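Okay, structure first, notes after.
Predicted model only: the values in this text are computed from it and were never measured.
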Amino acid sequence: MAYVTTGDGVEIFYKDWGPKDAQPIVFHHGWPLSSDDWDGQMLFFLQQGYRVVAHDRRGHGRSAQVAEGHDMDHYAADAFAVVEALDLKNAVHIGHSTGGGEVARYVAKHGQPAGRVAKAVLVSAVPPLMLKTENNPEGLPVEVFDGFRAALAANRAQFFRDVPAGPFYGFNREGAVAQEGVIQNWWRQGMMGGAKAHYDGIKAFSETDQTDDLTAITVPTLVLHGEDDQIVPIVAAAPKSARLLKNGTLKTYPGFGHGMLTVNADVLNADILAFVRA
């Protein structure tokens with residue numbers, strides 16, 4: 001397996017498929033998953049001739065289960081360590097959920113200053129801010145995230161079964177047909193990671209205000225969000241991000257949930273490919 005060691009000594013697992021001289025597409029996964037969550041997209045874009053790269057965030061998947069550094073700054077710096085090690089240039093960075101926050105911080109703080117990023121895609125992403133505050137009344141109250149922490153600490157294995165079986169993919173909606181393999185794959189990925197990283201990550205994805213990141217991004221950025229997202233409600237996320245971006249495009253999907261990249265991959269892959277090629 002392939003690893004990059006960060007400046008603070010953390011081993012980050014990554015996948016790197018396809019022609020090394022092709023344009024790279026870099027995928028950033030959501031909480032509490034791994035790069036495996038992007039398998040459908042990686043295979044699709046590989047078949048389109050791209051070089052596809054994805055890494056496991058620190059504390060997640062096959063990366064080192066370190067106790068510290070579970071915040072957006074470290075997430076973005078770790079991604080940059082992978083990009084530098086592989087010398088990726090003219091890359092398109094695509095992030096889902098927490099990975100969308102990672103992409104926003106990466107592009108603003110690392111990718112653009114180093115001249116290594118061409119475009120970005122934020123899918124069901126957490127920016128600009130998930131937490132409800134006086135200046136962000138559409139956000140979710142802190143009690144929601146306290147509930148996540150309590151459930152994780154009490155019985156992480158059960159919590160990681162309940163989330164994908166219910167709101168993550170919208171399998172709790174009337175008439176929805178649950179896909180057991182999808183649920184089990186979510187559970188498998190989650191349980192590969194470390195409980196400390198997952199616990200601390202809740203604060204990272206819920207309380208990080210990324211307004212400044214979004215306003216600093218100048219590369220073309222596509223913002224995609226499901227209108228029935230029960231994890232990152234659209235009202236607090238995508239439209240706000242699109243307004244803050246200097247070169248942003250917003251596309252929403254009626255009836256699609258948070259895990260639309262998996263259960264609606266045919267639609268999402270086609271839209272992302274069109275944006276990458278444009």
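Although no hydrogens or angles enter the test, the distance criterion places no donor-acceptor pair under 3.5 Å between the side chain of H225 and the main chain of P239. The backbone N or O of F275 sits less than 3.5 Å from a side-chain atom of K119, completing a donor-acceptor pair. With hydrogens and angles ignored, the 3.5 Å screen pairs no side-chain donor or acceptor of T6 with any backbone N or O of D78. Judged by distance alone, the side chain of E102 and the main-chain N or O of A79 form no donor-acceptor pair under 3.5 Å. Checking side-chain atoms of H29 against main-chain N and O of W38 turns up no donor-acceptor pair under 3.5 Å. Distance alone, capped at 3.5 Å, places no donor-acceptor pair between the Q112 side chain and the V117 backbone. For the pair D200 (side chain) and E68 (backbone), a donor-acceptor distance under 3.5 Å is absent. Between the side chain of K246 and the backbone N or O of L244 there is no donor-acceptor pair closer than 3.5 Å. The main-chain N or O of Y3 is never found under 3.5 Å from a side-chain atom of E11 such that the two would form a donor-acceptor pair.
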Problem - Full working for side-chain contact (heavy atoms from CB on, under 4.5 Å) between F27 and H96 - result: CA-CA 8 Å; F27 298 92; H96 175 249; over 6 Å; no

Problem - side-chain contact (heavy atoms from CB on, under 4.5 Å) between D56 and S34, worked out - result: CA-CA 5 Å; D56 292 354; S34 74; 3.6 Å; yes

Handout entry: Stepwise side-chain contact (heavy atoms from CB on, under 4.5 Å) test for V235 and K240
Key = CA-CA 8 Å; V235 66; K240 287 187 174 184; over 6 Å; no

Exercise for the section: Output, in order, the C-alpha distance, side-chain angles, deciding distance and verdict of side-chain contact (heavy atoms from CB on, under 4.5 Å) for F45 and I272. Expected result: CA-CA 10 Å; F45 283 96; I272 294 171; 3.6 Å; yes

Problem - Evaluation steps, side chain to side chain donor-acceptor pair (under 3.5 Å), between D209 and T211 - result: CA-CA 6 Å; D209 188 337; T211 299; 2.7 Å; yes

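Y75 is linked by a ring-ring contact (aromatic ring centres under 6.0 Å, His included) to nothing, counting only residues two or more places apart in sequence or in another chain. Looking at residues two or more places apart in sequence or on another chain, you find a ring-ring contact (aromatic ring centres under 6.0 Å, His included) between H55 and H28.
Summarising the geometry of L214 relative to A104, their closest heavy-atom pair is CD2-CB, 4.3 Å, with the distance given to 0.1 Å. Minimum heavy-atom separation, S63 to G59: CB-N, 4.4 Å. Looking at every heavy atom in both residues, K89 comes nearest to P24 through O-CD, 3.3 Å. The two residues A54 and S35 make their nearest non-hydrogen contact at CB-CB, 3.7 Å. Of all non-hydrogen atoms in V26 and A91, the two that sit nearest each other are CG2-CB, 4.2 Å. Pairing each heavy atom of A120 with each of V219, the nearest pair is N-CG2, 4.4 Å.
Summarising the geometry, atom CD1 belonging to I12 is positioned 10.5 Å from atom NE2 belonging to H60; distances are rounded to the nearest 0.5 Å. Distance CG/D229 to NE2/H258: 5.5 Å, rounded to 0.5 Å. From N90, atom CG reaches atom CD of Q23 across 4.5 Å, with rounding to the nearest 0.5 Å. In this structure, OG1 on T208 lies 11.0 Å from CE on M130, to the nearest 0.5 angstrom. Interatomic distance, L140 CG to F145 CZ, rounded to the nearest 0.5 Å: 4.5 Å. Considering CZ of F205 and CG of L129, their distance stands at 12.0 Å, rounded to 0.5 Å.
The ring of H70 has its center no closer than 6.0 angstrom to the ring center of H198.
Annotation: cation-pi geometry not satisfied between K15 and F13 (NZ/CZ under 6.0 angstrom from ring centroid, within 45° of ring axis).
Annotation for N247: atom CG counts as buried by contact number, over 12 foreign heavy atoms lying within 6.0 Å.
Using a 4.5 Å heavy-atom threshold, the side chains of M72 and V126 count as touching. Side-chain contact between N269 and Q41 is present, with at least one heavy-atom pair separated by less than 4.5 Å. Within the 4.5 Å cutoff, the side chain of Y169 has heavy atoms near those of the P164 side chain. Side-chain atoms of I94 and V123, non-hydrogen and from C-beta on, do get closer than 4.5 Å to each other. Contact of the P167 side chain with the N172 side chain is registered, since non-hydrogen atoms from C-beta on lie closer than 4.5 Å. The shortest distance between side-chain heavy atoms of Q179 and T262 does not fall below 4.5 Å. At a threshold of 4.5 Å between non-hydrogen side-chain atoms, the residues F44 and V52 do not count as touching. Using a 4.5 Å heavy-atom threshold, the side chains of L273 and Y50 count as touching.
The hydrophobic side chain of M192 is isolated, with no ILVMFWY side chain under 4.5 Å apart from it.
Between R51 and D21 there is no salt bridge, since no side-chain N of the basic residue sits under 4.0 Å from a carboxylate O of the acidic one. Looking at R62 and D36, a side-chain N of the basic residue comes within less than 4.0 Å of a carboxylate O on the acidic one, giving a salt bridge. Taking the charged nitrogens against the carboxylate oxygens, R161 and E180 do have a contact shorter than 4.0 Å, which makes a salt bridge.
Side-chain polar atoms of H74 and R58 form no donor-acceptor pair below 3.5 angstrom.
Tracing side-chain contacts under 4.5 Å through hydrophobic residues (I, L, V, M, F, W, Y), one reaches V144 starting from V142; they form part of the same cluster. Under the 4.5 Å side-chain heavy-atom criterion for Ile, Leu, Val, Met, Phe, Trp and Tyr, V163 and V182 are members of the same hydrophobic cluster. L268 and I25 fall within a single hydrophobic cluster, where Ile, Leu, Val, Met, Phe, Trp and Tyr side chains are chained together by heavy-atom contacts under 4.5 Å. At a threshold of 4.5 Å between side-chain heavy atoms, the hydrophobic network of Ile, Leu, Val, Met, Phe, Trp and Tyr places L33 and V82 in two separate groups. Taken together through direct or relayed side-chain contacts under 4.5 Å among Ile, Leu, Val, Met, Phe, Trp and Tyr, M191 and F168 form part of one hydrophobic cluster.
With L250 as the fixed residue, the side-chain contact (heavy atoms from CB on, under 4.5 Å) test singles out one of V223, T221, L122, L222: V223.
Between W186 and F160, the ring-plane angle classifies as perpendicular under the 30° and 60° cut-offs.
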